[in-house]
Every structure is written in structure tokens, then in C-alpha cells.
Amino acid sequence: MNNNADTQTWCEWQQAVVELIREDFSEVLTEVGEQDVDWDAWRPLYVQGLSPREAVADAFLLLPA
């Protein structure tokens, strides 16, 4: 776990999460924007210090490669 809350602002973290969702799930989730994400549900992952990549993996229950 990274202490991401100290290295990225909430806004930067949100932008990175959206980018990852667009990249990783482009075949099933088209045109995902920041307004499409329930940020209240994601905020605890940011507060825990998860990186955007770790948060996306956690939220979508992805197994490590």
C-alpha cells in the first residue's frame, strides 16, 4: 500500500482512476467520465492510501497479473 494521499491530490487521483478504467475496461465501459463514477464510494480507497491502480483492482476485484 502506498501512502497515496500524501503524494497525489484527490483531484489528481480521481483523474488517474478514470484513465485506468478507460484503459483497462475500454471493451465493456465506453466513454467513462469523472461524472460517471460514484466518488463517495471511491474516497475511502484514496484515504487508505491506495494508488489509483490498486483502487481500480480493489473496486473491480482484479487479481494480480
Side-chain angles (χ1 to χ4, degrees):
M1 176 167 67
N2 301 333
N3 195 356
N4 205 56
D6 291 337
T7 59
Q8 276 186 306
T9 67
W10 172 233
C11 185
E12 292 168 335
W13 192 89
Q14 289 174 298
Q15 292 169 350
V17 165
V18 170
E19 289 263 336
L20 287 168
I21 292 170
R22 286 178 183 156
E23 290 171 14
D24 294 351
F25 301 98
S26 62
E27 293 180 14
V28 290
L29 298 174
T30 59
E31 298 185 30
V32 174
E34 288 185 37
Q35 71 281 358
D36 299 315
V37 178
D38 178 1
W39 293 116
D40 290 336
W42 285 78
R43 183 73 186 212
L45 300 174
Y46 173 78
V47 171
Q48 289 173 30
L50 270 61
S51 70
R53 169 85 45 212
E54 291 167 331
V56 170
D58 186 79
F60 289 93
L61 300 174
L62 300 176
L63 298 174

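Position 1 is the first residue of the sequence; numbering continues from there.
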Given side-chain contact (heavy atoms from CB on, under 4.5 Å), test Y46 with W39 step by step and report yes or no. CA-CA 10 Å; Y46 173 78; W39 293 116; over 6 Å; no
Between D36 and E31, which heavy-atom pair has the shortest distance, and what is it? OD2-O, 3.5 Å
Quick one: side chain to side chain contact (heavy atoms under 4.5 Å, CB included) partners of A55, sequence neighbours excluded? W13, W42, L45, L50
Heavy-atom closest pair (E54 atom, S51 atom, distance to 0.1 Å) is OE1-N, 2.7 Å
Can you tell me which residue among D24, V17, V18 is in a side-chain contact (heavy atoms from CB on, under 4.5 Å) with I21? V17
Any idea which heavy atoms bring P44 and A41 closest together, and the distance? CD-O, 3.4 Å
List in chain and number order the residues that pass side-chain hydrogen bond (donor to acceptor under 3.5 Å, both in side chains) with R43, two or more places apart in sequence or in another chain; answer none if no residue qualifies. none
Qualifying residues under side chain to side chain contact (heavy atoms under 4.5 Å, CB included), relative to D40, sequence neighbours excluded: D38
Minimum heavy-atom separation for Q8 and A16, please, with both atom names. NE2-CB, 4.2 Å
